[in-house]
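Owing to the predicted nature of the structure, the values given are computational and were not obtained by experimental measurement.
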Amino acid sequence: MAGPAAAEDAPQNQGGVSATLGRITAGSGAVVHDRRKTGDMQAGLFEMKVDGGGSLQTYCVDILTNTVDGAKYKEVGWGESPLHGNRNAGRIRWILQHSYPQVNDLAALAKDADSGPLDANTAAAGTQVAIWRYSDGVQVDAKDAAAEKLADYLYKNAQDADEPAASLSLTPSAVSGKSGGRLGPVTVRTSASSVTVTPAGDADAKGVKIVDKEGKPVTSTVDGGELYFDVRPGARDGSLSLRAAAATKAPVGRVFIGDHTTTQSQILAGSSESTVSATATATWAEKGAIPALTARKNCAKGGVDLTADNKGDAPFVFDLDGTRHTVPAGRSETTFVKVAEDQAYRFTIKGPNGFSRTFSGILDCMTAESRAAAATDGGTAAGAGTGTKAERASRMRPASVGGTGKGVVNASAEGDLAETGGNHTDPTFTGVAIALIVVGSGAVYLLRRQKAASGE
């Protein structure tokens, strides 16, 4: 339906690394047997190019989902990824910490695994196979004998490890309040030694300064630093964002999911010093409702949590998903928006004084295999990779060996990125969208995507 132009999308993740998927740089063949088919694929280590400088090395954690050539990815926590609720997520991080490329002494790694000689290709393949057994719960084996022994060693010896913190985050990502005071705090969490802080826009013209908790102007800060928007009295009602940026190595075990693109989820195995960034926005007014809005994927419930924080002296009223909501003055409320798995969403919230925030993305909270398992068995495949090889095969009930199923393609010497999780896909082929009215001109768009494991 027609309406005013949509507002610029507000960030939903708290910050970190943004990167573009490249190709597999090391790996070799593997054979996967899921509950419907059997086929060959390439198991190996991807390279990603970081926006602003730097590179990443990643493994796949969604074996049967297509990759998208040149897809954009963003860093997220486990709770916003297909690893949410996976009791073996910590073991995957242990594997990353104790294998290639974190362990680059391949002779020592081969000795520990009793695998025979390993090179970069077989070490990467064995590591990826071990990860798949925990991330997707599939029966998968490396074709190379040494890689298979490494996979068995890593799988058998993996232990729980804690989830890593974000490379850079700002919490909360939106604040509000009356002009004539300091709005915040916005807390900085980072693995970098120093973070640069700059306003986005003409802060002086708007009567705003970025300051620390002592009220001193800030151009840089450190982990744990608190930032405030100091708005002068009488400043015209408005908003301003700040950008925090740094150079650091992202922590091993962080997950990367497609940014507005349906593509294979990745987990970080190694990082050069890379550019990381995050933004936070302040909204102020002299009177009336003064909202601050944040949105976050809730994979446990299957949707998006929208939090409205009203620091004004009047109620903030808005429509969402066909329902009117009222947040009293001085209160904060969170509204859950249900979104189907593999579906895109977009909604716009409007408020006083031209206030408008749009949130959009794709809900990608399950692996292709766990979704199929849930539909078939009424459960999930998380943890289905535990047990002996024979026990795993029995639980997965693989189809007869012999063909290459849909979404599983033959490995090649070139190691094309599409050969890890299925056929490569162009970003334009993400499905068919339908619109639901949310707020006047706002809309929620549900976008059906095709997974390589759909079996259709």
Side-chain angles (χ1 to χ4, degrees), residues 11 13-27 42-63 65-78 80-83 89 92-104 120-121 123-125 127-128 130-132 135 161 163-169 189-193 195 244-278 364 415-421 424 427:
N13 61 322
Q14 294 175 310
V17 177
S18 297
T20 301
L21 184 67
R23 302 173 70 88
I24 290 177
T25 58
Q42 187 85 342
L45 189 65
F46 283 95
E47 184 175 49
M48 285 189 178
K49 182 179 180 180
V50 177
D51 296 351
S55 63
L56 310 175
Q57 293 173 300
T58 61
Y59 287 107
C60 163
V61 286
D62 192 356
I63 188 172
T65 297
N66 291 341
T67 52
V68 174
D69 293 334
K72 292 288 188 179
Y73 280 75
K74 61 182 179 181
E75 175 188 344
V76 298
W78 291 353
E80 298 175 78
S81 80
L83 289 186
I92 295 172
R93 190 186 186 204
W94 185 96
I95 290 172
L96 295 167
Q97 292 170 324
H98 291 83
S99 192
Y100 183 76
Q102 289 298 306
V103 176
N104 56 21
N121 289 323
T127 305
Q128 176 66 92
I131 289 171
W132 275 333
S135 65
E163 178 179 358
S167 58
L168 175 63
S169 69
R189 294 297 180 192
T190 184
S191 57
S193 59
V195 176
T248 187
K249 291 184 177 181
V252 168
R254 291 293 287 177
V255 175
F256 285 78
I257 63 173
D259 187 358
H260 291 78
T261 303
T262 295
T263 186
Q264 191 180 84
S265 297
Q266 304 279 318
I267 192 165
L268 187 63
S271 171
S272 71
E273 188 170 88
S274 300
T275 300
V276 297
S277 63
D364 187 3
D416 188 271
L417 66 89
E419 293 162 351
T420 295
H424 68 279

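Closest approach of Ser265 and Ile257 over heavy atoms only: OG-CG2, 3.8 Å. The minimum heavy-atom distance linking Ala278 with Leu168 is given by the pair N-CD2, 3.8 Å. Closest of all the heavy-atom pairs between Thr275 and Gly52 is OG1-O, 2.9 Å. Across Ser272 and Ser55, no two heavy atoms sit closer than the pair OG-N, 2.9 Å. Shown here for Ala124 and Ala26, the closest heavy-atom pair between the two residues is CB-O, 3.4 Å. In terms of heavy-atom proximity, Ser274 sits nearest to Val50 at OG-CG2, 3.6 Å.
Side chain of Asp259 to main chain of Tyr73: no donor-acceptor pair is present (N/O by atom type, distance under 3.5 Å, no hydrogens or angles). A donor-acceptor pair under 3.5 Å is formed between the side chain of Thr263 and the backbone N or O of Val68. Not one N or O on the side chain of Ser99 forms a donor-acceptor pair closer than 3.5 Å with the backbone of Ile95. Checking side-chain atoms of Glu47 against main-chain N and O of Arg23 turns up no donor-acceptor pair under 3.5 Å.
Atoms CD and SG, on Gln128 and Cys60 in that order, are 5.5 Å from each other to the nearest 0.5 Å. For the atom pair CD of Glu75 and OG of Ser169, the computed distance is 9.0 Å after rounding to the nearest 0.5 Å. Remark: Leu45 CG to Tyr59 OH distance equals 4.5 Å, nearest 0.5 Å. We find the CD-CD distance between Gln102 and Gln57 to be 8.5 Å, quoted to the nearest 0.5 Å. To the nearest 0.5 Å, the span separating CH2 on Trp132 from OG1 on Thr127 amounts to 11.5 Å. Considering CG of Leu83 and CD1 of Ile92, their distance stands at 5.0 Å, rounded to 0.5 Å.
Under the 4.5 Å side-chain criterion, counting only non-hydrogen atoms from C-beta, Asp62 is not in contact with Ser135.
Exactly one of Thr58, Thr20, Leu268, Val17 qualifies for a side chain to side chain contact (heavy atoms under 4.5 Å, CB included) with Met48. That residue is Thr58.
With sequence neighbours excluded, no residue satisfies side chain to side chain donor-acceptor pair (under 3.5 Å) with Thr190. Taking the side chain to side chain contact (heavy atoms under 4.5 Å, CB included) definition, one finds that Ala246 meets it with Ala192, Val195, Val276, sequence neighbours left out.
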field: Steps toward side chain to side chain donor-acceptor pair (under 3.5 Å) verdict (Ser167, Thr248)
entry: CA-CA 7 Å; Ser167 58; Thr248 187; over 6 Å; no

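Among pairs with a residue in residues 49-60, those fulfilling salt bridge (Lys or Arg N to Asp or Glu O under 4.0 Å) read Asp51-Lys72, at least two apart in sequence or across chains.
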